[in-house]
Every structure is written in C-alpha cells, then in structure tokens.
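Since the structure comes first, as structure tokens, the remarks are kept for the end.
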Amino acid sequence: MQSIFHLAFHVRDLDGARRFYGDVLGCAEGRSTDTWVDFDFFGHQISLHLGEPFATARTGRVGDVMVPMPHFGLALALPDWQALAERLEAANTDFVLKPQVRFEGQPGEQWTMFFCDPFGNPIEVKGFRSLATIYDK
C-alpha cells in the first residue's frame with residue numbers, strides 16, 4: 001500500500017508561510033484560499049490554516065538537548081538532507097538542534113536537525129545513508 005501523509009496545522013500569516021515553506025524549504029505550493037494554503041512537503045501534503053499554532057514545550061530529549069514536543073518532520077536520504085541543511089543554514093535558520101550526526105557507526109545511524117517555522121511550529125528532519133535503516137536497532 002502506498003500513501004501520502006497529510007498534516008494540517010495553524011500559522012499566523014499565509015504570506016510568511018509561503019516565504020518559509022516555499023522559498024526556504026523549497027516546497028511547491030498547491031491549492032489555497034484566503035484562510036489556508038497546501039504545500040507538497042517532500043512528497044507529503046501539509047495544509048497551513050490561519051490560526052494560533054499549537055502549544056509546544058521542550059520536553060523531548062535528543063541526546064543532551066531538550067527539543068519541542070509535539071513536533072513533526074521527515075526522513076530524507078542523506079544527500080537530500082545535506083542539501084536541505086545547507087539551504088537552512090544559508091537562510092540563517094535559528095536551529096533548536098544544529099545539523100549533526102547521531103548514533104555514528106551504530107545501527108540507526110542518522111543525521112538530524114531541529115528548527116521551527118516562523119510561527120513556532122517545530123520540525124525535525126532526519127537523514128539516512130539508506131532509508132531502509134530507519135528502524136534498525
């Protein structure tokens with residue numbers, strides 16, 4: 001079974017959302033109205049609706065860093081992850097967790113970065129040499 005994940009959440013400004021998700025992240029814009037806009041979020045659909053973003057708190061532990069919960073994100077092949085990390089760094093992104101490798105040389109080796117959109121919605125992006133290793137123990 002093949003599927004596309006869909007997530008809808010709030011942002012305070014659709015033009016600001018277009019700049020971040022479209023220009024910075026490189027997501028293609030889909031349908032929109034005066035109150036929401038869809039984006040192709042790396043093959044998945046996100047719908048950004050005008051409203052107050054959900055509350056988050058830094059209660060999730062990633063290594064020695066407390067990261068925002070809840071959060072959403074994606075897993076990319078390592079070259080795509082590296083290209084996105086470079087885009088975000090070039091855009092002077094304020095990272096919660098700067099791009100780095102975790103579990104180096106171990107099963108589940110991954111690169112990760114945490115950042116928030118301009119409205120405080122937290123996003124984690126992981127990179128893997130092979131997406132087949134995502135669930136390795």
Side-chain angles (χ1 to χ4, degrees):
M1 178 185 303
Q2 186 175 3
S3 63
I4 296 174
F5 188 79
H6 165 79
L7 177 65
F9 56 95
H10 286 135
V11 297
R12 291 185 199 96
D13 171 35
L14 295 181
D15 289 332
R18 285 180 166 103
R19 284 189 297 277
F20 182 76
Y21 287 93
D23 298 341
V24 176
L25 295 183
C27 299
E29 184 174 330
R31 293 180 306 254
S32 66
T33 70
D34 292 343
T35 62
W36 58 266
V37 59
D38 285 344
F39 284 96
D40 177 344
F41 187 72
F42 304 88
H44 303 280
Q45 183 190 47
I46 57 173
S47 295
L48 312 181
H49 292 253
L50 286 175
E52 190 60 31
F54 54 84
T56 63
R58 290 189 181 201
T59 59
R61 184 174 299 281
V62 176
D64 295 331
V65 177
M66 299 303 287
V67 298
M69 295 294 292
H71 62 264
F72 73 100
L74 67 150
L76 296 172
L78 187 55
D80 296 328
W81 183 91
Q82 291 167 325
L84 182 58
E86 289 174 9
R87 284 181 74 121
L88 289 164
E89 288 170 336
N92 297 314
T93 299
D94 184 20
F95 289 96
V96 173
L97 183 66
K98 291 184 185 282
Q100 60 188 269
V101 65
R102 296 184 66 224
F103 313 120
E104 192 167 11
Q106 302 175 45
E109 179 179 80
Q110 60 188 257
W111 286 255
T112 189
M113 58 182 153
F114 266 89
F115 53 93
C116 294
D117 75 7
F119 316 100
N121 294 305
I123 303 168
E124 177 184 20
V125 181
K126 297 180 179 185
F128 292 86
R129 290 187 199 276
S130 168
L131 292 177
T133 65
I134 289 173
Y135 301 108
D136 285 0
K137 298 181 191 180

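Computed from heavy atoms alone, side chains included, the values below leave out hydrogens, waters and symmetry copies. Along the sequence shown, the residues carry numbers beginning at 1.
Residues that satisfy the side-chain contact (heavy atoms from CB on, under 4.5 Å) test with D13, not counting sequence neighbours, are D15, R19, F119. Every residue two or more places apart in sequence or in another chain that forms a side-chain contact (heavy atoms from CB on, under 4.5 Å) with Q100 is listed here: L97, T112. Contacts of S3 classified as side-chain contact (heavy atoms from CB on, under 4.5 Å), with partners at least two apart in sequence or in another chain: none. The side-chain contact (heavy atoms from CB on, under 4.5 Å) search around H44 returns I4, F5, not counting sequence neighbours. For the side-chain hydrogen bond (donor to acceptor under 3.5 Å, both in side chains) test, no residue two or more places apart in sequence or in another chain qualifies with W111.
Inspection of the H10 and E52 side chains reveals no N or O donor paired with an N or O acceptor under 3.5 Å.
At distances below 3.5 Å, not a single donor-acceptor pair connects side-chain atoms of R18 with backbone N or O atoms of D23.
How far CG of L50 is from CG of L14: 4.0 Å, rounded to the nearest 0.5 Å. Between atom CG of residue L48 and atom CG of residue N121 there is a gap of 8.0 Å, rounded to the nearest 0.5 Å.
Between F39 and G22, the shortest heavy-atom distance links the atoms CE2-N, 3.9 Å. Smallest separation of non-hydrogen atoms from C27 and F42: SG-CE1, 3.9 Å.
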Only distances under 3.5 Å count here; give the side-chain donor-acceptor pairs of residues 56-85 to other protein atoms, sequence neighbours excluded, each with its distance to 0.1 Å.
{"unit_1": "H71", "atom_1": "ND1", "unit_2": "P68", "atom_2": "O", "d": "2.8"}
{"unit_1": "H71", "atom_1": "NE2", "unit_2": "E124", "atom_2": "OE1", "d": "3.2"}
{"unit_1": "W81", "atom_1": "NE1", "unit_2": "V125", "atom_2": "O", "d": "3.0"}

